[in-house]
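Have a look at the structure below, then the notes.
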Amino acid sequence: MSALRAFSSLKGAAARSAPLRFQAARSYASQTKTLKERLAEIIPEKQAEVKEFRKGYGNKVLGEVTVDQAYGGMRGIKGLVWEGSVLDAEEGIRFRGLSIPECQKALPAAVEGGEPLPESLFWLLVTGEVPTAEQVKGLSAEWAARAALPEFVEELIDRCPKSLHPMSQFSLAVNALQHDSIFAKAYSEGIHKSQYWDPTFEDTMNLIAKLPNVAGRIYRNVYKDGKVAALEADKDYSYNFSKVLGYEGNADFVELMRLYLTIHSDHEGGNVSAHTTHLVGSALSDPYLSFAAGLNGLAGPLHGLANQEVLRWTLKLKDTIGIDASEEQIKKYLWDTLNGGQVVPGYGHAVLRKTDPRYTAQREFALKHLPDDPLFGLVSKLYHIIPGVLTEHGKTKNPWPNVDAHSGVLLQYYGMTEQDYYTVLFGVSRAIGVTAQLITDRALGMPLERPKSYSTAHLKKMFGAQ
Ligand code: CMX
């Protein structure tokens, strides 16, 4: 593919600003490399950059920590490095400097003007570069080629009772995939630490590649006939994932998966699933063990499980007061939730102070593909009512919707009504972001993570409190 064609595959105004920065600096040769070949070139440059930066600025102060922050979930403490994305409280997420709308314009898509391919986002997160359409095609093919599961993992999933939550099955299967970890094997054989990134990369590629078969098998076993269709070697990741789920016949659902898997992937380093994966990885646990730990955090209702909770809560509201409920009825329902000591799922965020752009991207998808869906109508109505009630309630620092407030309504429209499964979709996407960082962690030789803790007695003594 010529450099010119690579440029012309980048459409729109945003593609001519930030993405061009990446593209312009790249030679034609770099645009024909595979991801691993490109990484082998980038990593020494990155190592040198970080070494130089630390030499000059290593003793600069990032911020101070208060006693309240130590008790308050370490909110706002600046103590992590995460290369793939940075979250701004007002603007939301940027992946390697690109906002979601910029990614939608700049990253290669499967259909003209369509949603970005999550493969291209993985490339962007790992390298900081927008890949060419050919490079993304190559990555899709590599993932399809690595997708088969070991027989014992299939059997393990098949033996799970249907009543075991899909997220527990997911975590179990990812832990079992560890059997074939290339990093663990290389470590036991005495690999030099300067080479850690290579087997980490291989594990990551295998892990991401196998997730559609893991997640698809769980879905087909728990909710359908247990039959899992074979992936197609020449199709993209989202198409193949939709196929194993049983939705490949619906082109709009496949497009939804491309958007979904792209926007749920990465949200900087401090959220529970990202931080957990990074923390466990810092002990040199391999990518399977690290990501499985992250999945267990994602399965919490204040984090990824909120997407199942949102649809459940919304449907209960619909059943209780009706889909055409008045503003007054909805407000009363909200107050009943709050007075019952429960959170309104899908609203609020530990960092964001505005509507989550991931919510906006999904809302725009709904406006394009399902503008007349009654449940979308209800979700839109809630968007106009909930922030006011949460503000009046006076507790939450951010009354606006997060990513989880919108995904369920899109999925149910296409027939995926099984709410308990929704967090598994989030998990497949999250693998793309957190494993990208694991490769960087090992390339930069990030050490064991070990912050300092104190007991209340010790803190009181430190400050002379009675
Ligand atoms: N409904 C009711 N109360 C809420 C609330 C909501 N949606 N969001 C925050 N609050 C409450 C908190 O529970 C807290 O109450 P207490 O003082 O009684 O403990 C108070 O407001 C202050 O919380 P905060 O500083 O605004 O928010 P946190 O950073 O502590 O928590 C989050 C962030 C996301 C856990 C919280 O907003 C929440 O529970 N939201 C609902 C669950 C949800 O949607 N989670 C998904 C987040 C996105 C994701 O990770 O997938």
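All values derive from a computational prediction rather than experimental measurement. Counting convention: from 1, in listed order, for ligands and their atoms alike.
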**Fill in**
heavy-atom search around atom 39 (O) of ligand 1 in the protein gives L302 CD2, 3.4 Å

**Message:** For F183 and Y196, I'd like to know if the aromatic rings sit close, meaning centre-to-centre distance below 6.0 Å.
**Reply:** yes

**Prompt:** Salt-bridged, K46 to E83, with N to O below 4.0 Å?
**Reply:** yes

**Asked** If we only count N/O pairs under 3.5 Å, is V343 in contact with ligand 1?
**Response** no

**Request:** Considering only protein heavy atoms, determine whether one is less than 4.0 Å from atom 33 (C) of ligand 1.
**Result:** yes

**Asked** Looking at atom 48 (C) of ligand 1, would you say a protein heavy atom lies below 4.0 Å from it?
**Response** yes

**Prompt:** Hey, looking at atom 24 (P) of ligand 1, which of R75, R353, K397, R358 has the closest heavy atom?
**Reply:** K397

**Asked** Do you know which two heavy atoms are closest between L164 and Q169, and how far apart they sit?
**Response** O-NE2, 3.0 Å

**Prompt:** Is it the side chain (CB and beyond), the backbone, both or neither of A306 that lies under 4.0 Å from ligand 1, heavy atoms counted?
**Reply:** side chain

**Request:** Return yes when L298 approaches ligand 1 closer than 4.0 angstrom through a heavy atom, no otherwise.
**Result:** no

**Prompt:** How does N271 reach ligand 1, by side chain, by backbone, by both or by neither, if only non-hydrogen atoms under 4.0 Å count?
**Reply:** neither

**Request:** Using the six-membered ring of F365, assess whether NZ or CZ of K368 lies under 6.0 Å from its centre and within 45 degrees of the ring axis.
**Result:** no

**Message:** Is it the case that over 12 heavy atoms from other parts of the model lie below 6.0 angstrom from the CE atom of M446?
**Reply:** yes

**Item:** Any side-chain donor near an acceptor of the partner, S273 and R430, under 3.5 Å
**Value:** yes

**Asked** Hey, which atoms in ligand 1 end up nearer than 4.0 Å to a heavy atom of A350?
**Response** 29 (O), 33 (C)

**Message:** I need the contact type for T396 against ligand 1. Using non-hydrogen atoms and a strict under-4.0 Å cut-off, is it side chain, backbone, both or neither?
**Reply:** both

**Prompt:** Got a protein heavy atom sitting under 4.0 Å from atom 19 (O) of ligand 1?
**Reply:** no

**Asked** Can you tell me which residue and heavy atom of the protein come closest to atom 50 (O) of ligand 1, and the distance to 0.1 Å?
**Response** H303 ND1, 2.6 Å

**Complete:** When distances are taken from atom 51 (O) of ligand 1, the protein heavy atom at minimum range is D404 OD2, 2.5 Å

**Message:** Could you check whether K452 makes a cation-pi contact with Y454, meaning its NZ or CZ is under 6.0 Å from the centre of the six-membered ring and within 45° of the ring axis?
**Reply:** yes

**Request:** State whether the shortest distance between N or O atoms of V344 and N or O atoms of ligand 1 falls below 3.5 angstrom.
**Result:** yes

**Message:** Determine whether any protein heavy atom is located less than 4.0 Å from atom 27 (O) of ligand 1.
**Reply:** no

**E119 side chain vs Y237 backbone, donor-acceptor pair below 3.5 Å** = yes

**Request:** Would you name the heavy atoms of T200 and R442 that are closest together and state the gap between them?
**Result:** OG1-CG, 3.3 Å

**Request:** Looking only at distances, please establish whether an N/O atom of ligand 1 is found under 3.5 Å from an N/O atom of L338.
**Result:** no

**Those atoms of ligand 1 less than 4.0 Å from some heavy atom in F426** = 51 (O)

**Item:** Sidechain-backbone polar pair: N402 side chain, H349 backbone, donor-acceptor under 3.5 Å
**Value:** no

**Prompt:** Do you know the tightest heavy-atom contact between Y260 and S407?
**Reply:** CE1-CB, 3.6 Å

**Message:** Looking at non-hydrogen atoms alone, which of Q342, K395, E309 comes nearest to atom 11 (C) of ligand 1?
**Reply:** K395

**Message:** Taking the ring centre of each residue, are W143 and F122 less than 6.0 Å apart?
**Reply:** yes

**Complete:** atom 37 (O) of ligand 1: of A405, G348, P399, the nearest heavy atom sits on G348

